[in-house]
Amino acid sequence: MDYAKMRAIAEELGSFAEGLEGTWSVEIGPSGPILTMMCPSKRHEGTVRRIRNQLNKQLPATYPGYVCENGPEIEHPSIGRMRRPDALVIPEEVLDEAGLAVDATQVLAVVEIVSPSNPNNDYGEKLAEYPAMGIGLYLIVDPRVGTIEVHSEPCAGRYQNKTHYIFGDIVQFGPWTVETAAFRRYQEPGAVAH
């Protein structure tokens, strides 16, 4: 199926989801358009907020006019993908444009917080798709195990560099730093699940 047809289906799914209870996301992945219910945990959302707040304090000095936000999808029609990262660094002005998605060429960086139910999406599909979209920086935070990966320098559909960190480190993310001492794992080590 060509991207225009997949995009039309994605828009229909998005319109349908507006009438549903809860929060929904529409993405176009390897198997085509998908509609998923979003129900991130408080710790997931707390991590996204901490990263956004830190990057938004640094962006005026490094990329004036850019913001780190969550919400809009990213699309790249030539590779037939549309994804919704947990956060992305984009020009603030694109948030005032009509439409569903941001053109991938406008995205400086993406952030994904690994979900306990679908880690392969962030470490597999998105790790291949974001560099193919030309997105320069990809931060993967994994609260399941307390690790962080920074991927950079996209080339030939993959990132050339990967740097590992653990919760508590100060992470170098392109021209920015992310303090991770306040990041929380989904289940703290030694805790008993109930």
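Both backbone and side-chain heavy atoms feed into the values below; hydrogens, waters and symmetry mates do not. For reference, positions follow the sequence shown, starting with 1.
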Query raised in the report: Do Arg83 and Glu129 sit within salt-bridge range, that is, some charged N less than 4.0 Å from a carboxylate O?
Result: yes

Query raised in the report: Rounded to the nearest 0.5 Å, what separation is found between the NZ atom of Lys162 and the OG atom of Ser152?
Result: 11.5 Å

Requested in this report: Please name the pair of heavy atoms, one in Leu59 and one in Cys68, separated by the smallest distance, quoted to 0.1 Å.
Outcome: CD1-N, 3.5 Å

Requested in this report: Answer whether the closest heavy-atom distance between the side chains of Ile148 and Asp169 falls below 4.5 Å.
Outcome: no

Report task. Could you tell me whether the side chain of Val89 reaches within less than 4.5 Å of the side chain of Glu69, counting heavy atoms only? Result -> no

Query raised in the report: In a check of side-chain contact (heavy atoms from CB on, under 4.5 Å) between Ile90 and each of Ile74, Leu95, Leu108, which one passes?
Result: Leu95

**Report entry** Nearest non-hydrogen partners of Pro175 and Tyr63, listed with the distance
**Finding:** CG-CE1, 4.0 Å

Query raised in the report: Side chain of Asp103, backbone of Thr105: donor and acceptor closer than 3.5 Å?
Result: yes

Query raised in the report: Between the side chain of Thr180 and the main-chain N/O of Gly168, is any donor-acceptor distance below 3.5 Å?
Result: yes

Query raised in the report: Should the heavy atoms of other residues, nucleotides or ligands under 6.0 Å from CD of Glu179 be counted, would the total exceed 12?
Result: yes

Query raised in the report: Sub-3.5 Å donor-acceptor pair from the side chain of Tyr165 to the main-chain atoms of Gln172, do we have one?
Result: yes

Report task. With the side chain counted from C-beta on, respond yes when Asp122 and Ile113 share a heavy-atom pair under 4.5 Å apart, and no when they do not. Result -> no

Requested in this report: Evaluate the criterion side chain to side chain contact (heavy atoms under 4.5 Å, CB included) for residue pair Arg50 and Asn53; output intermediate values, then yes/no.
Outcome: CA-CA 5 Å; Arg50 286 180 179 94; Asn53 289 348; 6.0 Å; no

Query raised in the report: Do the side chains of Leu139 and Val141 get nearer than 4.5 Å, heavy atoms only?
Result: yes

Query raised in the report: When you look at Phe183 and Val178, which way does the side chain to side chain contact (heavy atoms under 4.5 Å, CB included) test go after all the steps?
Result: CA-CA 10 Å; Phe183 287 13; Val178 178; 3.8 Å; yes

Query raised in the report: Got a donor-acceptor contact below 3.5 angstrom from the Gln58 side chain to the Thr177 backbone?
Result: yes

Query raised in the report: Would you say Val150 and Tyr138 make side-chain contact, with heavy atoms under 4.5 Å?
Result: no

Query raised in the report: Is Asn56 reaching over with its side chain to a backbone N or O of Arg52, donor-acceptor style, under 3.5 angstrom?
Result: yes

Report summary line: Note: Phe173 and Ala109 closest approach over all heavy atoms is CZ-CB, 3.7 Å

Query raised in the report: Are side-chain heavy atoms of Val111 and Pro85 found at a separation under 4.5 Å?
Result: no

Query - Leu55 CG to Thr62 OG1 distance, which is reported to the nearest 0.5 Å - result: 8.5 Å

Report task. Check Lys126 against Pro131 and note the closest heavy-atom contact, atom names and distance. Result -> O-CD, 4.0 Å

Query raised in the report: Gln54 versus Trp176: any side-chain heavy-atom pair under 4.5 Å?
Result: no

Query raised in the report: What orientation do Tyr159 and His151 show, parallel under 30°, tilted 30 to 60°, or perpendicular over 60°?
Result: tilted

Report task. Give the minimum heavy-atom separation between Tyr186 and His44, together with the two atoms involved. Result -> OH-CD2, 3.6 Å

Query raised in the report: Which value, rounded to the nearest 0.5 Å, describes the distance between Glu92 atom CD and Tyr66 atom OH?
Result: 12.0 Å

Query - Minimum heavy-atom distance Glu112-Arg84, with the two atoms named - result: OE2-O, 4.0 Å

Report task. State, with a plain yes or no, whether a side-chain heavy atom of Tyr130 is found less than 4.5 Å away from one of Val107. Result -> no

Query raised in the report: Under 3.5 Å, side chain of Glu125 to main-chain N/O of Asn120, donor-acceptor pair present?
Result: no

